[in-house]
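Only this structure's heavy atoms are used, side chains among them; waters, hydrogens and symmetry mates stay out. Predicted model, so just to flag it, every value in this text is computed and none were measured. Just so you know, residue 1 is the first one in the sequence shown, and it goes up from there.
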Amino acid sequence: MTIAPVQCTGSTAWTDARLLLALEEVVETELNRHLKAAREWMPHEYVPWGQGRDFDGVLGGEAWELSQSKVTPLGRVSLVVNLLTEDNLPSYHHEIATLFGRDGAWGTWVHRWTAEEGRHGIAIRDYLLATRAVDPVALERARMDHMGAGFQSDNAHSMLHSIAYVAFQELATRISHRNTGHLSGDPLCEQLLAKIANDENLHMVFYRNLLKAALELAPDLAMQAVRDVVTEFRMPGHGMPGFERSAAQIALGGIYNLRIHHDDVLQPVLRHLKVLELGGLGPVGVQAQQELGLFMDELDGQAARFEERQAALLARRAAKAAQA
């Protein structure tokens, strides 16, 4: 769908309210497309309930021990990060419902998205507990700490920034889930995370197409939003306890790092939308586009340096293991 730009006296003429109204038809179109593409799936079908047994405590079951876990150490770290990120869904819902509203196509999408995201946390937690993949006490304490600290979006000040952010973040989440599954060491875990990743991909397509419409409708403002989001991007779980340490392990292990972020998240969305080739921009839009291009070049260099450090560290670890 191509949208004819609405005539404005300047970029300041655009408000969130006007943009919400102008994009309503696009939201309805994308919502209908999403509902046709989405496939129903049942979280309980991907949880090996037969492996479950009582834990110690009220029911007097068996205490958790690390040896009971089937998943790899890297998989366990990433599964916990992914789950704690999903746990903050109430805050995410509050953010987007406040920004996008609860009426019309926008409201229908907000509730549909929340319902689909809700099953991700349910399924991952059930899997982890049934398979004894993680310490249930530590997991619950981490959940309480993370959710108790609250969440506030970096982009709550702007609808366009929020749309731009989720266009990239949903793809980042998809890739994180898929790579976690690949490296989990458990085929059932990989199968479950593939289903979740498919949901995230559909969400990415929705927001990516909405961002495309925004770039046609208000190109200067949308370009500035893309620049700001890309240059300041961070995952929504950044505030959880121990996130930096976990993120370092996840990066080194190849689940999500600078190279993946550049090559598999930012570049595909930017290329699909032809952001760096977009014409018809005013001075502020052109400046934002140029700054975005420079940043992507710098990030590519940072990713190359990370790969060098990663290879050296993994080589030292391999040598040490061989000596042992």
Side-chain angles (χ1 to χ4, degrees), residues 27 30 34 78 81-100 106 109-110 112-114 116-121 124 146 150-180 193 196-215 222-240 243-244 246-247 250-251 255-273 275 292 295-296 299 303:
V27 173
E30 289 304 311
H34 175 85
S78 190
V81 169
N82 290 355
L83 175 57
L84 293 180
T85 301
E86 300 284 358
D87 277 337
N88 251 337
L89 181 60
S91 289
Y92 307 150
H93 175 83
H94 172 76
E95 292 278 344
I96 65 172
T98 300
L99 193 63
F100 297 153
W106 282 104
W109 167 253
V110 166
R112 173 74 188 200
W113 175 88
T114 302
E116 292 182 356
E117 289 287 344
R119 65 186 169 202
H120 300 168
I124 295 175
H146 183 42
F151 171 83
Q152 184 174 0
S153 170
D154 294 333
N155 303 289
H157 63 287
S158 161
M159 193 199 75
L160 285 181
H161 282 72
S162 296
I163 291 173
Y165 175 76
V166 288
F168 296 104
Q169 184 268 325
E170 292 283 5
L171 181 54
T173 304
R174 169 190 179 268
I175 289 172
S176 179
H177 282 309
R178 284 305 303 267
N179 288 345
T180 299
L193 293 183
I196 293 173
N198 186 62
D199 280 357
E200 303 290 7
N201 192 62
L202 291 175
H203 298 164
M204 179 276 293
V205 172
F206 178 95
Y207 285 118
R208 186 191 64 192
N209 292 349
L210 196 56
L211 179 57
K212 179 178 184 294
L215 283 163
M223 184 63 70
Q224 291 176 85
V226 171
R227 175 204 57 196
D228 295 344
V229 163
V230 168
T231 57
E232 301 294 334
F233 185 90
R234 56 180 182 170
M235 293 295 276
H238 61 81
M240 70 179 60
F243 178 78
E244 291 186 1
S246 295
I250 289 169
I255 288 178
Y256 198 93
N257 53 42
L258 280 178
R259 175 53 65 199
I260 294 171
H261 183 62
H262 177 277
D263 291 0
D264 300 335
V265 176
L266 299 182
Q267 284 282 34
V269 175
L270 294 175
R271 280 199 303 265
H272 182 86
L273 299 178
V275 171
L292 177 61
F295 175 82
M296 290 299 294
L299 186 63

R227: salt bridge (Lys or Arg N to Asp or Glu O under 4.0 Å) partners, not counting sequence neighbours: E291

Check: H120 and N82 side chains under 4.5 Å, non-hydrogen atoms: no

Contact summary for S78 and S176, nearest pair of heavy atoms: OG-OG, 4.4 Å

Derivation of the side-chain contact (heavy atoms from CB on, under 4.5 Å) call for Y256 and V265: CA-CA 10 Å; Y256 198 93; V265 176; 3.4 Å; yes

Rounded distance (nearest 0.5 Å) linking atom CH2 of W106 with atom CD1 of I96: 10.0 Å

Under 3.5 Å donor-acceptor, S162 side chain and N155 backbone: yes

Taking every non-hydrogen atom, the tightest pair across A167 and V269: O-CG2, 4.0 Å

Which atom of S153 lies closest to which atom of E95, heavy atoms considered: N-OE2, 3.4 Å

Gap separating the OG1 atom of T114 from the CZ atom of R119, nearest 0.5 angstrom: 12.5 Å

Validation row: L270, V226 side chains within 4.5 angstrom (heavy atoms): yes

Spacing of CG belonging to N198 relative to CZ belonging to R178, to within rounding of 0.5 Å: 8.5 Å

Side-chain heavy atoms of F168 within contact of V230, under 4.5 Å: yes

Geometric class of the Y92/F151 ring pair [parallel <30°, tilted 30-60°, perpendicular >60°]: perpendicular

Any V110 side-chain heavy atom under 4.5 Å of H93 side chain: yes

Test item: R234 and D154 side chains (from C-beta on) under 4.5 Å apart, heavy atoms: yes

Which residues share a side-chain contact (heavy atoms from CB on, under 4.5 Å) with N257, sequence neighbours left out: A251, R259, I260, F306, Q310

Heavy-atom pair of closest approach, residues D199 and E116: OD2-O, 4.1 Å

Derivation of the side-chain contact (heavy atoms from CB on, under 4.5 Å) call for M240 and N88: CA-CA 10 Å; M240 70 179 60; N88 251 337; over 6 Å; no

Side-chain donor-acceptor contact under 3.5 Å, Q169 with T173: yes

From N209 atom CG to I163 atom CD1, the distance as rounded to the nearest 0.5 Å: 12.0 Å

Over all atoms of both residues, closest heavy-atom pair of H238 and M235: CD2-O, 2.9 Å

Which atom of E200 lies closest to which atom of E86, heavy atoms considered: OE2-OE2, 3.3 Å

Side-chain ion pair, R174 and E170, N-O less than 4.0 Å: no

Mutual orientation of the aromatic rings belonging to W109 and H34 [parallel < 30°, tilted 30-60°, perpendicular > 60°]: perpendicular

Test item: L211 and V166 side chains (from C-beta on) under 4.5 Å apart, heavy atoms: no

Pair H146, D87: side-chain N/O donor-acceptor within cut-off below 3.5 Å: no

Close side-chain approach of W113 to L89, heavy-atom, < 4.5 Å: yes

Check: Y165 ring centroid to F233 ring centroid under 6.0 Å: yes

Point-to-point distance, once rounded to the nearest 0.5 Å, from CD of E30 to CG of L210: 7.5 Å

Atom pair NE2/CZ of H262 and F295 - distance to nearest 0.5 Å: 9.0 Å

